[in-house]
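Structure first, then comments.
In what follows, every heavy atom counts, from backbone to side chain, and hydrogens, waters and symmetry copies are set aside.
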Amino acid sequence: MYRNRIHPTAQIAEDARIAQGVTIGAYTVIGPEVVIGEGTEIGSHALIEGATTIGRENRIFSHAVVGSIPQDLKYRGEKVRLEIGDRNIIREFTLINPGTEGGGGITRIGNDNLLMAYVHIAHDVQVGDHCILANAATLAGHVELGDHVVVGGMTPIHQFVHIGDYAMIAGASALSQDIPPYCLAEGNRAVLRGLNLTGLRRKLDRHTIDALKSAYRQLFEQGEPLRETAEKIEKETDDEAVAKLCRFILDSSRGIPFKRKNHAQ
């Protein structure tokens with residue numbers, strides 16, 4: 001059984017629940033409602049507080065602030081939570097807030113994500129698995145990321161934006177609308193630039209990628225009404241990835257940012 005390695009200057013509340021094999025660095029502060037899973041490593045000068053649950057084998061670097069109250073003026077001390085899965089890497093000066101009562105009360109981060117330095121995860125954000133958020137990426141409240149999403153450095157994402165699986169947002173973009181799965185977006189304001197082919201080739205087979213290319217051309221390059229085209233393709237396709245792309249478009253509440261060939265809406 002692993003033994004804990006806790007620096008003598010760390011301040012850990014009596015009610016905090018620390019599993020076996022946890023490392024806690026110098027001058028780190030752990031609050032009374034915090035739960036930390038086996039094998040997690042926390043660097044020096046970090047702050048973990050609130051009703052925060054952290055899974056197994058995470059690495060949290062120095063000066064990260066995890067679980068501090070939401071930066072939302074409507075917050076009035078309600079019981080809210082932050083849940084972090086397993087094997088995440090949370091780099092220096094990252095800030096992660098819990099949920100708010102109006103947004104469901106929980107911020108969730110899945111498994112195997114990399115949050116680089118100075119990343120901000122605001123209240124009620126939902127992050128899937130295997131995502132990469134580069135330095136100083138900023139997710140406003142209620143943002144949802146699917147799995148395998150990449151967000152470039154210095155990119156702010158507007159509240160309530162949804163980003164689908166395998167999407168990539170280029171660095172120094174500013175995103176205010178939804179990005180469908182498998183797509184690449186760039187610019188201020190960000191618009192679709194094509195499919196995230198580099199990411200897709202690492203994970204999907206050639207047949208699926210070809211089907212997505214065809215669907216992308218029909219949806220975004222032929223000037224036809226987007227929702228009507230998505231409905232038509234969804235009914236006709238037998239490809240699961242293409243159907244997911246179309247369903248995301250149909251479910252989008254903030255709209256999809258792409259350059260139309262004509263005035264069709």
Side-chain angles (χ1 to χ4, degrees), residues 84-89 108-116 119 121 125-135 137-140 142-158 160-187 189-221 226-227 229-230 233-234 236-259:
I84 297 174
D86 303 331
R87 299 176 303 278
N88 296 286
I89 298 174
R108 289 191 180 93
I109 296 174
N111 305 317
D112 301 293
N113 298 291
L114 169 57
L115 310 183
M116 297 187 191
V119 163
I121 306 291
V125 166
Q126 310 292 310
V127 176
D129 301 333
H130 302 284
C131 295
I132 299 174
L133 277 62
N135 297 291
T138 301
L139 276 57
H142 314 279
V143 167
E144 294 186 17
L145 270 57
D147 299 334
H148 299 278
V149 172
V150 177
V151 179
M154 304 293 291
T155 292
I157 299 177
H158 195 280
F160 295 102
V161 162
H162 292 187
I163 302 177
D165 297 350
Y166 296 98
M168 180 175 183
I169 316 302
S173 296
L175 182 60
S176 59
Q177 292 180 282
D178 297 338
I179 300 301
Y182 317 113
C183 291
L184 170 66
E186 182 268 341
R189 299 292 186 169
V191 296
L192 297 187
R193 303 294 187 182
L195 292 172
N196 179 20
L197 291 174
T198 299
L200 298 186
R201 288 173 182 142
R202 294 171 180 159
K203 299 292 183 180
L204 303 182
D205 59 63
R206 179 61 180 271
H207 174 79
T208 298
I209 293 173
D210 287 344
L212 286 168
K213 285 181 178 179
S214 177
Y216 187 94
R217 286 192 294 269
Q218 294 178 67
L219 288 163
F220 303 115
E221 296 179 357
L226 181 58
R227 292 186 62 84
T229 304
I233 295 173
E234 185 184 36
E236 296 176 351
T237 188
D238 59 359
D239 188 279
E240 182 178 347
V242 171
K244 179 186 287 188
L245 172 61
C246 293
R247 178 44 48 189
F248 184 99
I249 292 167
L250 294 171
D251 289 343
S252 172
S253 61
R254 294 193 61 84
I256 309 299
F258 71 101
K259 294 181 178 179

Task: Lys/Arg N to Asp/Glu carboxylate O, R87 vs D112, below 4.0 Å - done: yes
- [ ] State, to 0.1 Å, how close H207 and D239 come at their nearest heavy-atom pair, and which atoms those are.
- [x] CD2-OD2, 4.1 Å
Task: Side-chain heavy-atom pair L175, H158 within 4.5 angstrom cut-off - done: no
- [ ] Starting at CG of D178, measure out to CZ of F160 and round the result to the nearest 0.5 Å.
- [x] 11.5 Å
Task: Rounded distance [0.5 Å steps], OH in Y216 versus CG in L184 - done: 8.0 Å
Open item on the list: Tell me if a side-chain donor or acceptor on T155 pairs with a main-chain N or O of A172 at a distance below 3.5 Å.
Closed with: yes
Task: Shortest non-hydrogen contact from V151 toward A137 - done: CG1-CB, 3.9 Å
- [ ] State the CZ-SG distance between R193 and C183, to the nearest 0.5 angstrom.
- [x] 13.0 Å
TODO: Before giving the answer on side-chain contact (heavy atoms from CB on, under 4.5 Å), spell out for L219 and F258 the whole-Å C-alpha distance, their side-chain angles and the decisive distance to 0.1 Å.
DONE: CA-CA 10 Å; L219 288 163; F258 71 101; over 6 Å; no
TODO: Mind checking the CG-CD1 spacing from D251 to I249? Nearest 0.5 Å is all I need.
DONE: 10.5 Å
- [ ] Might you work through the side-chain contact (heavy atoms from CB on, under 4.5 Å) test for L115 and N88, ending with a clear yes or no?
- [x] CA-CA 8 Å; L115 310 183; N88 296 286; over 6 Å; no
Open item on the list: Taking atom CD as the centre, does E240 end up with more than 12 heavy-atom neighbours from other residues, nucleotides or ligands that are less than 6.0 angstrom away?
Closed with: no
Task: Side-chain (N111) to main-chain (G85) donor-acceptor, under 3.5 angstrom - done: no
Open item on the list: Could you measure the distance from the CD atom of E234 to the CZ atom of R247? Nearest 0.5 Å is fine.
Closed with: 4.0 Å
Task: Under 3.5 Å donor-acceptor, R254 side chain and S176 backbone - done: yes
Task: Closest approach of L245 to A215 (non-hydrogen atoms, all atoms of both residues) - done: CD2-CB, 4.4 Å
- [ ] Could you pull out the closest heavy-atom pair between G164 and F248, with the gap in Å?
- [x] N-CE1, 3.7 Å
Open item on the list: Walk me through whether M154 and N135 qualify under side-chain contact (heavy atoms from CB on, under 4.5 Å).
Closed with: CA-CA 6 Å; M154 304 293 291; N135 297 291; over 6 Å; no
Open item on the list: Using every non-hydrogen atom in the two residues, find where A134 and G152 come nearest and quote the distance to one decimal.
Closed with: CB-C, 3.8 Å
Task: Separation of I157 CD1 from I121 CD1 (nearest 0.5 Å) - done: 8.5 Å
- [ ] Could you note down all residue pairs passing salt bridge (charged side-chain N to carboxylate O under 4.0 Å, His left out) where residues 160-172 supplies at least one of them, sequence neighbours left out?
- [x] D165-K244
Open item on the list: Counting C-beta onward and ignoring hydrogens, is there a side-chain heavy-atom pair between I179 and P257 closer than 4.5 Å?
Closed with: yes
Open item on the list: Restricting to non-hydrogen atoms, name the atom on L192 and the atom on P180 that form the minimum distance, rounded to 0.1 Å.
Closed with: CD2-CD, 4.0 Å
TODO: Dump the intermediate steps for side-chain contact (heavy atoms from CB on, under 4.5 Å) on L133 and N113, then the final yes or no.
DONE: CA-CA 8 Å; L133 277 62; N113 298 291; over 6 Å; no
